[in-house]
Number of protein chains: 2
Amino acid sequence: MSSMTIGKLSAATGVKVTTIRYYESIDLLEEPARSASGQRLYGDAAVERLGFIRHARDLGFPVAAIRELISLQVDPGRDCDLVDQIARRQLGEVRRRLTQLEALEAELKRMITACEGGKVANCSVLAALGHHEQCPRE
Amino acid sequence: MSSMTIGKLSAATGVKVTTIRYYESIDLLEEPARSASGQRLYGDAAVERLGFIRHARDLGFPVAAIRELISLQVDPGRDCDLVDQIARRQLGEVRRRLTQLEALEAELKRMITACEGGKVANCSVLAALGHHEQCPRE
DNA sequence: TCTTGCCTCTACAGTTGCTGTAGACTGTAG
DNA sequence: CTACAGTCTACAGCAACTGTAGAGGCAAGA
């Protein structure tokens, strides 16, 4: 199967058809060959490339970073310091978001356990949202 | 003190001027009074309301949920089951993102420790991104 | 062969939650 | 009086897609 339509590529990689065309439009994927009737035809290299992109996106790398990584891949003689840097930057970003989310989880949990039914008038969730400076435990 | 311009409100709540106007445009904030020359004038209630919105946004509540919460606040006689529901939904969402991020952190860490300098040609980060099927993920 | 029904094409609008810009007016301190 | 910061409206742009319309393509069944 050295040549497949966009639908097959989509099935092979788990990336939606529209998203594949979008990636092409932002030059993340290069323009594929076309059939006589104008349909896109992809080879195995496209599966590789798109799988790479998808994995990186799943890891939260922004498209700009992926573009950088691809350009590094194209030139394999260079040191991989830059690759390392990009990955570390991404790890930092992930950790930052983790810390933030953990705080949110704690506060939401506290808010919910404090809300034991009753009327909106004295709902602790709304109270907590209103008064950020303290935690109204009452 | 009971009347302030948009800049003061911004300073008082930490929400940017443009964002305040945006909230007004999507009917999250009601239209304020205006001075003779057309400048927005806010009272203390606006500080409260905007503080509430800001805190909820910080907690990751989508605007739609905040709109719901506000409409509940306006009608304090109702049961707070719905408030509770919204908060629980949000907690679920936060936990889902937490789990995902933890997996990402683990994989990035693994990728980075495996990368010990050298050339791009054998960089383990790029390899890890390329060979997605071998990555213990999700 | 015709028809059915999914696949693909292009082009463009919509999504979420803002941010930035242009060009004009207003309010205030020195 | 003159700077200069603040405010006004209206619209464009950002990320990273998703969805839509309307047209044409392709393989299999009746």
Side-chain angles (χ1 to χ4, degrees), chain A residues 1 3-29 31-42 46 49-50 52-70 86 89-90 93-94 96-97 100 104, chain B residues 3-29 31-42 46 49-50 52-70 86 89-90 93-94 97 100 104:
Chain A
M1 71 142 90
S3 189
M4 62 187 97
T5 63
I6 197 168
K8 309 288 180 192
L9 178 61
S10 170
T13 57
V15 178
K16 289 185 184 161
V17 168
T18 45
T19 306
I20 295 173
R21 286 198 281 250
Y22 167 69
Y23 284 160
E24 183 184 325
S25 80
I26 61 169
D27 291 319
L28 205 54
L29 280 177
E31 299 186 10
R34 299 283 185 136
S35 73
S37 62
Q39 299 198 348
R40 289 168 179 82
L41 293 178
Y42 297 93
R49 162 68 57 94
L50 190 50
F52 178 91
I53 293 171
R54 199 217 142 161
H55 192 191
R57 286 293 304 134
D58 283 349
L59 287 169
F61 287 90
V63 167
I66 297 174
R67 220 189 292 273
E68 258 184 295
L69 289 172
I70 287 174
I86 294 171
R89 194 199 305 153
Q90 185 56 25
E93 184 56 31
V94 166
R96 211 183 50 71
R97 281 190 279 164
Q100 208 183 334
L104 301 197
Chain B
S3 190
M4 63 185 99
T5 62
I6 198 169
K8 309 288 180 191
L9 178 61
S10 171
T13 57
V15 179
K16 288 186 186 163
V17 167
T18 45
T19 306
I20 296 173
R21 286 197 281 252
Y22 166 70
Y23 285 160
E24 184 185 324
S25 80
I26 60 168
D27 292 317
L28 206 53
L29 280 177
E31 299 187 9
R34 297 285 186 135
S35 74
S37 61
Q39 298 197 350
R40 289 169 178 80
L41 293 178
Y42 297 93
R49 161 69 55 97
L50 190 50
F52 177 91
I53 293 170
R54 198 214 143 163
H55 191 191
R57 286 293 303 136
D58 284 350
L59 287 169
F61 286 90
V63 166
I66 298 174
R67 220 190 293 274
E68 258 183 295
L69 289 172
I70 286 174
I86 294 170
R89 195 197 307 151
Q90 186 56 24
E93 185 56 31
V94 166
R97 281 190 281 164
Q100 208 183 333
L104 301 198

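Proteins get letters first, then strands, A, B, ... in listed order; numbering begins at 1 in each.
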Practice item. Take atom CD of A/E31 and atom P of C/dC9, then tell me their distance rounded to the nearest Å. Key: 12 Å
Exercise for review: Under 4.0 Å between any heavy atoms, over every strand shown, what does B/T5 touch: base, sugar-phosphate, or nothing? Just pick one.
Suggested key: sugar-phosphate
Point to revise | Residue pair B/R67 / B/I26: nearest heavy atoms and the distance that separates them | key: NH1-O, 2.7 Å
Practice item. Would you kindly give the CD1-to-P distance between B/I20 and C/dG17, to the nearest whole Å? Key: 18 Å
Exercise for review: Kindly write out the residues that satisfy side chain to side chain contact (heavy atoms under 4.5 Å, CB included) with A/R96, not counting sequence neighbours, or none if the list is empty.
Suggested key: A/E93, A/Q100
Exercise for review: Could you pick out which residue, B/A64 or B/S35, lies toward the 5' side of DNA chain C when each is mapped onto its nearest nucleotide?
Suggested key: B/A64
Practice item. Specify the separation, in whole Å, of atom CZ of B/R67 and atom C1' of C/dT16. Key: 12 Å
Practice item. Could you grab the distance from atom CG of A/L9 to atom CD1 of A/I20, nearest 0.5 Å is fine? Key: 4.0 Å
Revision key, fill the gap. When rounded to whole Å, the CG to P distance for the pair B/L9 and D/dT7 reads 10 Å
Exercise for review: May I have the distance from B/I53 (atom CD1) to C/dG17 (atom C1'), rounded to whole angstrom?
Suggested key: 13 Å
**Study point:** Short side-chain N/O contact from A/R54 to OP1 or OP2 of D/dC17, under 4.0 Å
**Key:** no
Practice item. Look at the side chain of A/P62 and decide which nucleotide, out of C/dT8, D/dG6, D/dA16, has an atom nearest to it. Key: D/dA16
Practice item. Sort and list the pairs that fulfil side chain to side chain donor-acceptor pair (under 3.5 Å) and have at least one residue in residues 8-22 of chain A, not counting sequence neighbours. Key: none
Exercise for review: Quick one: list whatever passes side chain to side chain contact (heavy atoms under 4.5 Å, CB included) with A/R89, sequence neighbours left out.
Suggested key: A/E68, A/I86
Exercise for review: Check side-chain hydrogen bond (donor to acceptor under 3.5 Å, both in side chains) between B/S25 and all other residues, then give those that pass, not counting sequence neighbours.
Suggested key: none
Point to revise | From D/dT9, D/dT7, D/dC26, nucleotide with atom closest to B/I6 side chain | key: D/dT7
**Study point:** d(OH, A/Y42; C1', C/dC9) in whole Å
**Key:** 12 Å
For nucleotides 18-23 of chain D, which of its nitrogen or oxygen atoms have a protein nitrogen or oxygen under 3.5 Å away, and what is each distance?
unit_1: D/dT18; atom_1: OP2; unit_2: A/T19; atom_2: OG1; d: 2.6

Check your understanding: Reckon B/Y23 has a side-chain N or O less than 4.0 Å from the OP1 or OP2 of C/dC18?
Key -> yes
**Study point:** Test item: B/Y23 and B/R57 side chains (from C-beta on) under 4.5 Å apart, heavy atoms
**Key:** yes
**Study point:** Atom pair CZ/CZ of B/R40 and B/R34 - distance to nearest 0.5 Å
**Key:** 4.0 Å
Got a list of protein N/O to nucleotides 28-30 of chain C N/O distances below 3.5 Å?
none

Check your understanding: Does C/dT16 have OP1 or OP2 sitting under 4.0 Å from an N or O in the side chain of B/R57?
Key -> no
Study note, to complete from the structure: Exactly one of B/L50, B/L29, B/I6 clears side chain to side chain contact (heavy atoms under 4.5 Å, CB included) with B/V15, and that residue is B/L50
Study note, to complete from the structure: As its Watson-Crick or G-U partner within any shown strand, both distances under 3.5 Å, C/dT4 has D/dA27
Review point. How close or far is atom P of D/dC26 from atom CE of A/M4, stated in whole angstroms?
Key: 18 Å
Review point. Choosing from D/dT9, D/dT7, C/dC9, which nucleotide comes nearest the side chain of B/R34?
Key: D/dT9
Exercise for review: Starting at atom CZ of A/R40, determine the distance to atom C1' of D/dG24, rounded to an integer number of angstrom.
Suggested key: 14 Å
Point to revise | Interatomic distance, B/R54 atom CZ to B/I66 atom CD1 [nearest 0.5 angstrom] | key: 12.0 Å
